[in-house]
Structures are given as C-alpha cells and as structure tokens.
Amino acid sequence: MTWPGPEAGNSDAGAAPRRLNFIEQIVEDDLRSGKWGDRVHTRFPPEPNGYLHIGHAKSITLNYGLAEQYGGKFNLRFDDTNPVKEEEEYVQSIIADARWLGADWEDRLLYGSDYFGQMYEWALELVRKGKAYVCDLTAEETRQYRGTLTGPGRESPYRNRSVEENLDLFERMRKGEFPDGSRTLRAKIDMASANLNLRDPVMYRILHAHHHRQGDAWCIYPMYDWAHGLEDSIEGITHSICTLEFENHRPLYDWFIDAINEGRTEDGSGPWGRRICHPQQIEFARLILTHTVMSKRKLLELVRERHVRGWDDPRMPTVSGMRRRGYTPEAIRAFAKMIGVAKFNSTVDVGKLEYCVREDLNRRANRVMGVLRPLKVVIENYPEGQVEELDAVNNPEDSTAGTRKVPFSRELYIEQDDFREDPPKKFFRLAPGREVRLRYAYFITCQTVVKDAAGNVTELRCTYDPATRGGDAPDGRKVKATLHWVSAARAVDAEVRLYDHLFTAEDPSDVPEGRDWKELLNPESETVLTGCKVEPSLDGSAPGSRYQFERQGYFCVDSDSQVGRLVFNRTVTLKDTWAKIEQREKA
RNA sequence: UGGCCUGUGGUGCAACUGGCAGCACGUCUGACUCUGGAUCAGAAGGUUCCAGGUUCGAGUCCUGGCAGGCCAGCCA
C-alpha cells in the first residue's frame with residue numbers, strides 16, 4: 001500500500017502544478033539549498049500518557065508522509081520525561097496504533113529517556129559555561145519571580161552562584177541528596193524577556209519517582225523544553241514538526257542548542273568538541289473536529305466515568321476507537337491529506353472524515369443484507385418449505401469480489417422503515433397494494449397488513465410474481481424501490497450498535513458558564529439493537545470484518561462478538577437521500 | 001499598558017512568490033441505476049477581516065486598525 005504523496009491523483013504530465021503545503025515548501029527549499037544535504041528526517045514524539053487520537057493520526061501522517069515522499073527517515077520516539085504521568089500500557093497502545101496507521105520507523109523505536117545521560121552531560125556543560133545555575137526558590141517563589149505577561153520578572157537570588165557551587169549542588173541533586181521540589185537547575189537567560197519561556201526556564205526538577213524504563217536510576221528529570229530539542233538533535237532530526245502552542249518555545253529550543261554549540265567546532269577541535277545537530281522546529285495547527293473532544297484530559301474523563309466503553313469505544317476519536325468502529329487506516333490517511341496542514345486554527349467538519357470512510361469502504365467492503373428492525377413478511381403464494389438459493393453480487397465496485405448464494409423462502413424479514421401503511425409523498429417503498437423488488441429475488445406486492453391489538457403492524461401478507469425471479473420483470477415493468485430482506489428460516493440473529501456523534505454540539509468546548517461540558521454528550525450516540533436479522537453468509541464472521549449492509553451503511557464486527565453471538569458496529573451510514581427528503585418535508 | 005502567531009465561498013485548503021481568486025467537502029439541479037448507494041453532468045455560493053498607501057496592476061508588498069489563537073507548570 002503506497003502512502004498518498006502530494007502528487008497522488010495528479011500524476012499526468014502537464015497537469016496542474018503540485019500544490020505543496022507550507023511544510024513541504026520548507027523541506028523542498030532545504031533540499032534545494034542543501035541545508036541538510038539530501039537528508040529528511042522526521043519523527044513522531046508522543047508522551048505515553050494516553051491513547052492516540054485522530055489529531056495524532058494527522059501528525060503521524062504528516063511526519064511519516066514527509067519522510068516517505070522525500071526518501072527520508074522517520075522515528076517513533078516516546079517523549080517520556082515525566083515519570084509520574086506515563087505508563088507502559090500507553091506505550092504499547094501507541095506502538096500498535098501508529099503501526100496500524102501504516103507508519104514505518106524500521107528499527108528506530110526510541111525513547112527520550114534513553115538520552116538522560118547525554119542530557120545530563122550537556123547540562124553540566126551549560127553550568128560550566130555559566131549558562132545554567134541551581135536555584136533554591138520554591139515553586140511558588142519561582143512563579144512570583146517570573147513576573148507577568150505585561151511586566152518583567154526578577155532575578156533569582158541564587159542566579160549568580162559560582163560555577164563550582166553550581167556543579168557541586170547539581171551533582172548532589174542528581175545523587176538524590178535533596179527532597180523533591182527543593183531545588184531546580186535553571187538556564188540563565190533573561191528575566192525581562194517578553195517571552196516568558198526565556199525567563200530562566202527550569203531545566204531539571206527533583207523527582208524521586210520510578211520511571212517506566214529507567215527505574216530508579218534518576219531522581220532528577222529534564223523538563224520538556226530542555227529535553228525535546230536535544231532528543232531531536234541526538235537523532236539527527238532535520239524538521240521537528242509540532243503544534244502551534246510550541247511556537248513560543250522555539251526561541252528556547254534554539255537557545256539551548258546554540259548554548260551547547262557555543263565554543264564547539266565543526267571538526268570537533270577545541271575544548272567542547274563537535275557541534276551538535278540543530279533541527280528546525282516547524283509548527284502547524286492541531287486538528288479540531290466538530291462534535292467531539294480531543295484533549296487527553298477529557299477523553300480520560302469519559303473513560304474513567306464510563307460514559308463510553310473504554311479508550312477504544314467506537315464513538316471515541318481515538319485511533320483504537322476508530323479501528324473498532326470499522327474505519328480503515330487508508331480512510332484516515334486520506335482524511336489527513338484532504339484537510340491539509342496550515343497555521344490557521346480551524347475546525348474541520350466531521351462529515352469530511354465520514355466522507356473519506358465511505359469512499360474507502362465503498363471500494364472494498366462486500367455487500368450483504370441485514371435487517372435491523374425486522375418486519376415479518378409472508379409470501380402467501382410461495383410454496384411452504386421451499387428454499388431457493390439466489391445469486392447475489394458481493395461488490396459491484398470490485399469485479400473480483402465474486403458472488404454468493406442467498407436463501408429465499410416463504411417467510412422473510414424486511415426493514416420496518418421500508419413499509420408505510422400511509423405512504424407520504426416521495427416514499428417509494430412498500431405500502432398496501434404497492435409492488436416493490438426484493439433485491440436479487442422477486443417482485444412482491446403487499447396484500448394485507450396484520451396488526452396487533454394495539455394497532456402496531458406485526459406482519460405483511462404479500463404475493464410474489466414467479467416470473468420476476470432474479471429481480472427482473474420479463475414484461476419490462478418497473479418498480480420504484482428495491483428492498484433488502486432476509487429469509488426468516490435461515491436468518492442469523494445479531495446485535496447491532498448504531499453510532500452517532502458523541503456530542504450534540506458542534507463545539508463541545510463551548511459550554512455555557514457554570515455548566516459541565518459532559519451535559520453536551522449525545523444521549524443517542526449509541527443505540528443498541530438486538531434481534532436484528534442478517535443473512536446466513538455472515539455466520540461466524542471474525543471481529544474486524546467490514547461489510548456494507550445494503551441500503552444502510554457500513555458495519556464492522558465488534559470485538560465483543562463471539563461465535564453464535566454476532567455483534568456489529570455501524571461504522572457510518574450510507575448517504576441517505578430519503579432521510580434528507582423526509583427531514584426537509586418535516587421542516 | 002506585553003510578546004509571538006493567524007485571518008481567502010457554509011467548511012477545510014490552494015493561488016507557480018505582484019498578473020483573470022481555484023480544488024475538495026457540503027448544498028441544490030438533472031441523468032443513470034436491481035442499493036433513494038455508487039457513478040456521470042451541471043448550478044449556486046467571494047467586499048480574499050477593515051481602512052489607507054505603493055504600483056499599470058495587490059489575496060500577495062507597506063502603514064494603521066479589528067478579530068481569533070497561544071504564553072505567567074518544578075506538565076508536554
């Protein structure tokens with residue numbers, strides 16, 4: 001499977017010029033100027049403190065796609081610098097999800113924590129260069145000294161300690177001589193900078209915590225700003241792509257690397273050695289999708305409070321959720337490509353994602369018949385006990401998909417929605433006295449409507465025209481509708497879970513003052529239907545199998561599914577013109 | 001009375017770096033159809049945030065506004 005490059009769908013010579021996004025332009029400019037030779041090396045650097053979501057998928061697609069397009073390399077690197085928030089479970093899920101999305105990091109599955117030793121050495125170097133110092137201010141004092149957005153900060157009273165004292169103190173911090181929070185190592189930059197990140201940022205904090213990979217080897221841990229650029233540098237990353245909120249951090253990212261490089265030389269001669277790699281940080285707008293939330297904090301809350309079935313609930317915007325729902329990696333990648341990448345903070349309509357899913361599944365999902373809300377139909381003139389195996393096309397979009405047999409018998413189920421006793425205008429389906437086609441089978445005409453005491457329609461008595469076997473009338477007469485159906489005798493029972501947007505509001509973060517964002521959860525985001533009837537070919541389908549239920553949508557066998565107890569998730573509905581008409585008529 | 005970033009049809013992005021504002025999604029028509037699916041053909045929809053300026057010519061350059069985003073964790 002090829003990764004969609006920028007020229008995909010536009011490959012004929014002389015076609016419109018390739019339209020590059022701003023990051024591709026930077027990469028191509030660099031390739032042209034030889035800034036990195038012919039190297040392009042990107043990375044995806046998640047913190048293992050949650051599951052990947054569609055926003056991460058955008059980032060992975062971007063980063064891996066760039067490496068792929070330009071013959072470069074891509075690393076998967078865990079940014080695991082905070083032992084108290086990170087867990088092995090998340091590491092495993094992230095690896096699985098990134099791989100499923102199609103990214104390939106070869107043997108470069110990396111961990112920022114593996115560089116702790118090197119980072120420590122460089123920190124010592126900055127101390128020796130007089131560019132970092134040990135500060136004894138408390139967290140609260142540090143905050144006060146930092147100043148405000150509009151006013152400068154004050155210098156720490158510990159700012160001018162001697163190099164010797166700083167070296168001694170920092171070494172003892174590392175040895176664990178001091179309690180958590182008692183001291184920090186800070187960069188000596190500028191307490192009056194308009195960029196707060198440059199007001200002597202903390203490089204190391206003391207944390208006597210167990211690290212998921214380093215165990216108890218460390219009791220000082222590097223801060224993101226100090227660590228991240230170094231991780232990129234160590235790995236030889238050329239383009240360090242991140243989201244917009246790190247824009248203000250770029251000057252610091254650059255400052256740290258420049259500070260290390262100060263006094264260093266290209267050939268390594270001199271007291272400090274060889275210059276280190278200085279990647280270019282580039283920021284883009286994170287993905288915001290309508291009708292969902294993306295923050296790890298909120299997703300965690302939904303899981304913990306059991307508003308959903310878990311991180312992989314089909315309603316979640318997580319990669320695992322989308323996978324369970326039946327989305328394909330190809331669809332997600334196509335979506336990422338469709339929305340592009342820019343610096344404008346925009347909100348993408350979730351309908352675009354659904355469009356990509358439909359488009360992909362339309363090409364690859366085999367068609368089957370399944371009745372969600374069964375209505376019994378008895379074909380009065382069809383011989384009792386007779387069963388015919390009729391030919392059905394598996395996928396009209398794929399001639400290699402073949403055909404299958406579908407059993408037809410006297411008693412059937414059709415969809416309740418496909419019958420109206422009193423059909424409104426433009427309703428083409430079955431109604432008293434009306435003739436329709438049963439897909440791949442016969443024309444039937446509704447003769448009698450059977451109701452229970454409460455007046456509910458419980459059964460339809462119909463007749464069929466034997467001459468229309470296979471679905472065509474030899475006399476050329478037409479019907480306005482074709483219905484899906486299932487033989488009552490041969491149907492397989494199934495549970496079907498219908499999914500809709502997780503939130504009713506387009507923007508669930510826009511919640512009225514004093515109200516909880518979770519009040520905006522869509523109470524109908526999941527509808528569980530039992531007693532659904534599907535065609536026998538579906539018996540024993542494995543979890544993850546994807547189908548189109550004709551006229552209804554795409555469905556995926558859920559992981560809860562077992563032999564003898566089929567469970568389907570509705571991935572996405574088919575485009576439904578009738579639903580649109582009906583809605584419009586109502587309005 | 002802070003700094004940085006960003007404003008282009010309803011939505012998401014383009015516009016070869018100053019030369020007739022395009023593409024996709026969505027919407028609406030129509031054709032075709034054994035899925036009201038798919039497919040095909042077409043249409044509507046723009047004061048390029050605003051106001052000045054430079055220029056033969058500005059979405060693009062300059063100045064000044066306005067609006068939105070991010071930043072005062074020993075989180076990332």
Side-chain angles (χ1 to χ4, degrees), chain A residues 10 16-21 25 45-47 49 79-82 84-86 135 137-140 142-144 146-153 180-186 193-199 201-207 220-221 223-225 227-228 242-251 283 285 290 296 338-349 351-356 358-359 362-363 367 369 393 396-397 426-429 437-441 443 468 470-472 478-484 548-553 573-581:
Chain A
N10 165 24
R18 283 168 49 170
R19 291 207 290 261
L20 306 179
N21 64 50
Q25 281 177 25
E47 184 190 15
N49 70 342
D79 205 342
D80 53 352
T81 55
N82 186 350
V84 304
K85 281 185 155 183
E86 297 153 8
C135 181
L137 255 25
T138 64
E140 170 62 18
T142 304
R143 192 176 65 76
Q144 284 166 356
R146 187 154 31 231
T148 66
L149 290 174
T150 51
D180 287 4
S182 59
R183 287 176 223 267
T184 57
L185 183 76
R186 295 227 259 161
S193 174
N195 183 342
L196 296 256
N197 296 124
L198 263 23
R199 318 244 261 228
V202 172
M203 295 164 64
Y204 279 94
R205 75 277 214 190
I206 301 174
L207 233 42
I220 56 171
Y221 288 92
M223 298 290 292
Y224 168 88
D225 281 322
H228 196 84
C242 63
T243 42
L244 249 28
E245 69 269 28
F246 294 104
E247 231 164 359
N248 297 334
H249 296 242
R250 178 157 29 95
E283 310 85 11
T290 57
K296 285 183 186 174
M338 173 191 260
I339 60 175
V341 41
K343 300 193 74 163
F344 182 60
N345 221 312
S346 59
T347 302
V348 177
D349 192 319
K352 287 188 172 64
L353 212 208
E354 291 165 355
Y355 167 85
C356 292
R358 279 192 195 100
E359 191 181 52
N362 175 51
R363 279 186 276 109
R367 268 112 250 227
M369 293 195 283
V393 174
E397 305 294 320
K426 294 184 182 168
F427 181 89
F428 303 151
R429 283 110 94 144
R437 170 169 40 234
L438 294 181
R439 177 135 237 225
Y440 298 124
F443 285 13
T468 58
D472 281 309
K478 302 286 183 195
V479 288
K480 296 206 74 170
T482 300
L483 310 187
H484 60 277
Q548 183 196 102
F549 285 11
E550 293 215 29
R551 303 204 305 133
Q552 306 200 89
T573 61
L574 243 30
K575 241 169 67 182
D576 191 344
T577 309
W578 165 244
K580 199 181 286 178
I581 293 170

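Below, all heavy atoms of this structure are taken into account, side chains as well, without hydrogens, waters or symmetry copies. Chain identifiers are assigned alphabetically (A, B, ...) following the order of the sequence lines, protein sequences preceding nucleic acid strands; residue numbering begins at 1 within each chain. The model shown is predicted, which means the values in this text are computed figures rather than measured ones.
Residues meeting the ring-ring contact (aromatic ring centres under 6.0 Å, His included) test with A:Y355, sequence neighbours left out: none. With sequence neighbours excluded, no residue forms a side chain to side chain donor-acceptor pair (under 3.5 Å) with A:T577. Residues satisfying the side chain to side chain donor-acceptor pair (under 3.5 Å) criterion with A:Y204, sequence neighbours excluded, are A:W226. A:H228 meets the ring-ring contact (aromatic ring centres under 6.0 Å, His included) test with A:Y224; sequence neighbours excluded.
Nucleic acid contact class of A:G181 (heavy atoms, under 4.0 Å, all strands): base. Contacts of A:T150 with the nucleic acid, taken as non-hydrogen atoms under 4.0 Å apart, include base atoms. Note on A:R439: a base of the nucleic acid sits closer than 4.0 angstrom, heavy atoms only. A:L185 comes within 4.0 angstrom of nothing in the nucleic acid, heavy atoms only. If you check every strand for non-hydrogen atoms under 4.0 Å, A:E397 touches a base. Across all strands shown, A:Y221 has no heavy atoms under 4.0 Å from either base or sugar-phosphate atoms. If you check every strand for non-hydrogen atoms under 4.0 Å, A:G340 touches nothing. At a threshold of 4.0 angstrom between heavy atoms, the contacts of A:V84 with the nucleic acid are absent. When heavy atoms are screened at a 4.0 angstrom cut-off, A:Q25 is found touching base atoms of the nucleic acid. Residue A:H228 is classed as having no contact, given no heavy-atom separation below 4.0 Å to the nucleic acid. Contact annotation for A:K480: no contact, since no heavy-atom pair falls under 4.0 Å across all strands. Counting any heavy atom pair closer than 4.0 Å across all strands shown, A:R358 reaches no nucleic acid atom. When heavy atoms are screened at a 4.0 angstrom cut-off, A:Y355 is found touching the sugar-phosphate backbone but no base atom. A:R367 comes within 4.0 angstrom of a base, heavy atoms only.
Using N1 to N3 plus N6-O4 or O6-N4 for Watson-Crick, or N1-O2 and O6-N3 for G-U wobble, each under 3.5 Å, B:rG37 pairs with nothing. B:rA14 makes up no base pair with any nucleotide shown, lacking Watson-Crick or G-U wobble contacts both under 3.5 Å. Under the Watson-Crick or G-U wobble criterion, with both distances below 3.5 Å, B:rC61 is paired with B:rG53. The partner of B:rG68 is B:rC5, judged by Watson-Crick or G-U wobble contacts that both fall below 3.5 Å.
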Would you tabulate the nitrogen or oxygen pairs shorter than 3.5 Å linking the protein to nucleotides 5-11 of chain B?
residue: B:rC5; atom: O2'; partner: A:E247; partner atom: OE2; Å: 3.3
residue: B:rU11; atom: O3'; partner: A:T347; partner atom: O; Å: 3.3
residue: B:rU11; atom: O2; partner: A:K352; partner atom: NZ; Å: 2.6

Pairs under 3.5 Å (N/O, protein and nucleotides 40-43 of chain B):
none

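You'll find the side chain of A:R429 reaches within 4.5 Å of the side chain of A:L483, heavy atoms only. Put simply, the side chain of A:P201 does not reach to within 4.5 Å of the side chain of A:M223, judged on heavy atoms.
Across B:rU35, B:rC71, B:rC74, the shortest atom-to-atom separation from the side chain of A:T482 is found for B:rU35. Comparing B:rU35, B:rC4, B:rA72 by their closest approach to the side chain of A:P396 singles out B:rU35. You'll find that the side chain of A:K580 is closest to B:rU27, out of B:rC71, B:rA14, B:rU27. Side-chain proximity of A:R19 to B:rC23, B:rG37, B:rU35: nearest is B:rC23.
For B:rU35, the base has no donor-acceptor partner in the side chain of A:Q552 [N/O atoms by modelled type, under 3.5 angstrom]. Taking only distance into account, the side chain of A:R429 meets the base of B:rG36 through a donor-acceptor pair shorter than 3.5 Å.
Residue A:K85 has no polar side-chain atom (N or O) positioned under 4.0 Å from OP1 or OP2 of B:rA76. Note on A:R183: every side-chain N or O is 4.0 Å or more away from OP1 and OP2 of B:rC74.
Here, B:rU55 and B:rC23 have their P atoms 34 Å apart, quoted to the whole Å.
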